[in-house]
Amino acid sequence: MSAALDVEQLTFGYPSASLGARRQVIVKALDHVSLSVQPGRVLGIVGESGSGKSTLLRTIVGLNRGFSGTIRFNGRPVDHGAGKAGLADFRAGVQMIFQDPGGSLNPFKTIRQTLAAALARAPLGIRGEGKPGENKLGALLDRVGMNASALDRRPSEFSGGQLQRLAIARALASNPSVILCDEPTSALDVSVQAQILDLFAELRAEGRAFIFVTHNLGVLGHIADDLVVMYRGKVIETGPARQVIASPREAYTSALIAASPRLKHRGALLNQARERRESASGGKPA
Amino acid sequence: MVEPATSGQRAPATKAADPLLSVRDLTVKAGALELVHGVSFDLASGTVTALVGESGSGKSLTAQAILGLLAREVYAVSGTSLAFNGTSLGFGGNHLPRGFRGLLTGYVMQDPSSALDPTMTVGGQIAEMFMVHRGMGRMAALKEAARMLDLVRVPNASARIYDYPHQFSGGMKQRVLIAMAVALSPRLLIADEPTTALDVTVQAEILALIDDLRVDLDMAVLIITHDFGVVYQCADRVLVMYAGKLVEGGETLQITERGRHPYTRGLIASIPDLDDLDRRVVPIPGQPPRPEASWRGSCAFSPRCGWKVERCLNDVPREEILAGSAIVRCFEWQRVEAGRTR
């Protein structure tokens, strides 16, 4: 089976603001990253702040310019310089969902305006002729477990979980086959997070592929088929999610698992942290 | 999955005397909206109590009401008593003794990036506390500030005191806030989501640090969180809040293993548990109620509750006090307690 999305040797650097020195230092945010995700599968990416996991998603969708490496969508290379027409398939087929749903929806626009605009940009085969009708918009809301009464309200009138559902509805307007998620449940309560994870499971059962970035290993253990562990822009471990969690090869992966707060071995989390502090070194690879 | 009694040993409190802080019937209103309703609890020295609940349940308001931090123009705070170390304090901050905040209580705010003054060096902000409350000179206070930063394991503390907040990472800023909160060796530390924005490895370090300070200073700690993993790992007691009311309270193991309130059960069932990847993560259906919602006259949780009976729709459950100073606010708690947790 061919991959829905794959990236090969993706490398990207931010110029760091170096004080005094004339020569700019390039901080390698992505260092020869290769990965792929099949239709109907969830690829989880875990790592700490600064590991490059968000940069990876942003580079894939074309928010970062000046990278090297190859991005392929359905086996065909993506040229981010190709312009609107050349990128139409990619932009409809690959959608992204962000951590802060409040910040990713326009506060001035009603949900009707936001969803209609997303539908209007979808390829003709998906949106159909003419203005998007009430049933099209209603169907999108229905898909994410909300009803048409949301249409004439604005983002400020919804809770965080509802806003994330609306952001997902907008992403679904172009019927994407790949959905990139950047910490989509981190700003939500656990009770609501579980609702959103259920929704992702349904969308994945429809054959959509997911790349799911989070620092929460528990979430990835439940939703991801495969796991990629990133550290300082590099992929340091990869494998089936359960296998990586049950028997990690890298010390860094073990440290991440050990530091996740769990509902067993009471007090172990604090004691391990104290031991790590005492030994001072260890944990992260050099 | 009950842990053997020998596991999970934590350094015990040095004494089990009268509570350090005692709150009775705390109520916070904003206009006609009742945001916190009749909250009562005790905090003992040397123990960690976790306050748990969804966004908007009133956790932070409860903490800020105790500390007298709510603007009187907006919020009306009332209750039957608020006592600190046996001394009665008034509600609403009017009658708080000078130095109650800072000297007796430390407060770690939720957002480390907005809680520090961007125009002052970090050392200057910590030193200010020693200058105001201890009458120290500037140089001596700065030296104390460096000692505090070292205590919270900020590397190279004696140089970092001259840095500004923007030169610190999120985890390091959180440490600075904790240093400020414990600078004057308070008897009580209130930490509002102190680790939510942090990576898990840093989170574990910060929690260990707070726990060390609890032992060293014999502090009472109130930690506000929505992460039951954090609760299980570091709290002695748990208070669960829903729609402005305490719905359950008790020992951590009691709450996590045999919760008596359907909401507590629901929160735990919705955690993606790293140790049980085959268990389905079960959401709590629906949304937390808005304060203006019209559930008066019924149980606030009833629209989302899988245990509800007819009575829950027509009557408001009262807080029942059970053995071990556990509390529960549910008509059906005995039925819930008898059921499996997970």
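Chain letters run A, B, ... following the sequence lines, proteins first, then strands; residues in each count from 1.
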Between chain B and each of V192(A), D198(A), I245(A), count heavy-atom pairs under 4.5 Å; write down the option with the most.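 Of V192(A), D198(A), I245(A), D198(A) has the most heavy-atom pairs under 4.5 Å with chain B.
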Look at P285(B), S270(B), P288(B), G266(B) and state which one has the largest set of heavy-atom pairs under 4.5 Å with chain A.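 Heavy-atom pair counts peak at S270(B).
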Relative to chain A, which of I284(B), L277(B), V281(B) shows the most heavy atom pairs under 4.5 Å?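 Ranked by contacts with chain A, first place is L277(B).
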With only heavy atoms counted, which part of Q203(B) is less than 4.5 Å from chain A, the side chain, the backbone, both or neither?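 Side chain only.
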Could you tell me if E193(B) and H226(B) have a donor-acceptor pair between their side chains, going purely by distance under 3.5 Å? yes
What closest approach, in Å, do T121(B) and Y162(B) show between heavy atoms, and which atom pair accounts for it? CG2-O, 3.5 Å
Which region of Q272(A), side chain (C-beta onward) or backbone (N, CA, C, O), has a non-hydrogen atom less than 4.5 Å from a non-hydrogen atom of chain B, or is it both or neither?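 It is neither, since no heavy atom gets under 4.5 Å.
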Answer yes or no: is there a side-chain heavy-atom contact under 4.5 Å between T253(A) and V244(A)? yes
Salt-bridge criterion met for E202(A) and R208(A) (N-O under 4.0 Å):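 Salt bridge between E202(A) and R208(A), a charged N being under 4.0 Å from a carboxylate O: no.
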Would you call R232(A) and E48(A) a salt bridge, using N to O less than 4.0 angstrom? no
